[in-house]
Amino acid sequence: MSKFYVTTPIYYVNDVPHIGHAYTTIAADILARYHRQRGDDVFFLTGTDEHGNPAAQAAARRGLSPQQHVDEMVVKFKALAEQVNATNDFFIRTTDSEHCAKVQAFIQNLYEQGDIYRKSYRGLYCSSCEAFYAEKDLVAGKCPDHGTEPQMVEEENYFFRLSRYRERILDHLERHPDFIMPESRFNEARSFITRGLEDISISRASLQWGVPIPWDESQVVYVWVDALLNYITALQYAREEDLLERFWPVDYHLMGKDILKFHAVIWPAMLFAAGMELPRHLFIHGYLLMGGEKMSKTRGNVLDPFQVMDKYGVDPFRFYCFREVIFGQDGVVSLEGFENRYNSELANDLGNLLSRTLAMIHKYRGGVLPDPPPDSGGELSAAATVLAEQLAASMSRVDLSGSLELIWRFVRSLNKYVEDMAPWKLAKDQERSLDLDAALYNLAEGLRLCAIFLHPYMPDTTLEMLRQLGITPGSSELQLQRAEWGRRSGGASVQPGKPLFPRLD
RNA sequence: GGCGGUGUAGCUCAGCUGGUUAGAGCAGCGGAAUCAUAAUCCGCGUGUCGCAGGUUCGAGUCCUGCCACCGCUACCA
């Protein structure tokens with residue numbers, strides 16, 4: 001058994017939860033569930049980033065304290081995780097007192113070992129970005145992101161000796177070509193690190209809503225330093241015992257490209273400074289695009305994830321996101337696309353396959369799964385074995401969409417098998433009773449494996465599949481080990497139920 | 001401006017280190033079947049493989065230039 005630690009970024013509470021948050025969280029959940037199926041010791045972390053100026057300002061506008069404000073906002077993100085059926089092992093908030101204390105201890109340590117120094121700094125500061133801008137980066141004198149005019153501020157700040165770690169980071173990239181995935185992001189990161197790194201200010205004097213610098217409480221820790229440390233601190237207080245030893249380092253940090261730099265530069269440098277192991281992989285996924293300029297509500301190609309989940313269920317939505325868009329690339333999603341996939345693949349290919357299989361077992365064998373005649377697995381059992389191997393390979397590359405493609409080829413082969421065997425003909429011929437047994441068993445067995453393989457993607461629906469197949473789905477039934485052809489004998493009563501995925505019209 | 005990427009059937013995309021008639025899914029058309037959520041299965045695609053050159057016995061697959069779009073990054077104003 002090995003351990004598996006996967007994270008989403010912590011989401012900034014001032015955002016409204018959107019499809020991007022859902023996408024990352026679902027991806028992490030798929031990985032977490034998959035590794036649990038393998039029997040790995042899994043820790044799946046998500047949470048919220050709650051410090052910083054925007055949150056403080058929003059609170060002020062509402063006449064609330066920052067704490068009151070974030071306490072309200074965090075609810076939406078917890079609800080999101082629940083809504084997408086995420087099995088996160090912990091939900092961290094950067095306002096947790098334990099987190100704050102650990103952040104202080106972390107930077108105190110860096111300070112004492114000389115990685116942090118004091119320096120006065122003067123520049124144009126955008127308080128929304130919490131970042132300094134050079135004149136040249138401004139658009140018409142205003143912040144390119146916020147359209148507001150930055151203030152000239154002069155602060156005594158604490159600086160982290162980022163430049164000191166450039167060589168080590170580059171060396172690490174050299175030795176670990178899969179540190180940043182996909183490859184294009186790796187190259188991108190290497191190129192900007194190669195260009196050179198400057199020390200960064202890691203404190204803010206003009207702010208109160210943050211973690212105080214322990215040796216100088218007039219300043220607070222820069223939000224990104226605060227935020228990145230969540231990946232460590234969560235392990236230290238999520239449970240009674242400290243889980244750091246058990247789960248560190250992170251196996252996969254999932255994120256969008258907008259925060260690659262922080263994770264590829266500041267984060268490794270911080271870990272080097274602390275003498276800690278670096279994450280095994282950063283995986284940068286793409287954006288789900290909503291049809292771009294052709295977006296039009298009347299054309300039905302806008303996709304509101306919450307509307308889709310409410311109307312069609314979480315599982316079809318989870319499936320669609322990873323079926324439609326190659327994980328790691330940008331892709332266009334739309335309601336129309338969702339409905340097409342839903343009907344052709346979920347309703348027609350998979351749902352209907354289950355229905356017809358169970359109906360035939362019911363009609364020809366009184367609802368009892370026949371025992372398989374000896375050596376009757378044939379090509380299907382061979383295909384299932386190959387599939388299991390291919391899936392292991394594609395999941396190890398975090399190719400979530402490629403895995404679904406592999407599974408779907410198998411689903412199609414099962415539908416083809418029905419036509420080839422034509423059980424309705426076999427049923428008319430007493431002589432071919434064993435052939436009918438084999439056909440029915442093989443279909444049920446193929447579906448059982450599909451349910452196991454698809455479980456990380458569609459957790460609820462696959463449990464229902466197993467139930468209808470006559471399997472009481474305890475967690476051991478979902479283990480990947482069980483996804484071996486023929487591990488089930490006949491005798492169970494199938495339980496045909498409502499269609500798994502009713503067709504949309 | 002620099003670096004990198006992309007451009008293949010109506011749509012979404014596969015095509016690794018160059019080699020038989022360029023593939024898949026969807027959509028469309030025709031047929032078979034009737035177990036099933038009228039679902040399934042079978043058949044049907046002469047596509048300037050962005051454009052123009054080049055290397056090669058042979059290039060979608062390598063080289064050069066160009067065009068379009070995207071990402072990162074720099075700079076002028």
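Only this structure's heavy atoms are used, side chains among them; waters, hydrogens and symmetry mates stay out.
As rounded to the nearest Å, B/rG25 and B/rC42 have P atoms that lie 9 Å from one another.
Taking atom CG on A/Leu443 and atom P on B/rA36, their separation rounds to 14 Å, with Å as the unit. Atom CG in A/Asp330 sits roughly 11 Å away from atom P in B/rC13 (whole-Å rounding).
In this structure, A/Lys428 reaches neither bases nor backbone, as no heavy-atom distance under 4.0 Å exists between it and the strands shown. Contacts of A/Asp420 with the nucleic acid, taken as non-hydrogen atoms under 4.0 Å apart, are absent. Nucleic acid contact class of A/Asn348 (heavy atoms, under 4.0 Å, all strands): sugar-phosphate only. Residue A/Leu500 is in base contact, counting any heavy-atom pair closer than 4.0 Å across all strands shown. A/Arg195 comes within 4.0 angstrom of a base, heavy atoms only. Counting any heavy atom pair closer than 4.0 Å across all strands shown, A/Ala347 reaches a base atom. Within 4.0 Å of A/Arg185, counting heavy atoms only, lie sugar-phosphate atoms of the nucleic acid but no base atom. Backbone-only engagement by A/Tyr364 is indicated by non-hydrogen atom pairs under 4.0 Å involving sugar-phosphate atoms exclusively. A/Asn415 comes within 4.0 angstrom of the backbone, heavy atoms only, and of no base.
Considering only side-chain N and O atoms, A/Lys416 lies under 4.0 angstrom from the phosphate OP1 or OP2 of B/rC42. For the OP1/OP2 pair of B/rA39 and a distance below 4.0 Å, the side-chain nitrogens and oxygens of A/Arg503 include at least one atom meeting the criterion.
Ionic pairing of A/Arg356 and A/Glu419 is present here: one or more N-O contacts between side-chain nitrogen and carboxylate oxygen are shorter than 4.0 angstrom. Look at A/Arg397 and A/Asp178 and you find no salt bridge, because none of the NZ, NE, NH1 or NH2 atoms lies under 4.0 Å from a carboxylate O. Note on A/Lys425 versus A/Asp435: no salt bridge recorded, every NZ/NE/NH1/NH2 to OD/OE distance being 4.0 Å or above.
Annotation: A/Tyr231 is in aromatic contact with A/His253 [ring centroid separation under 6.0 Å].
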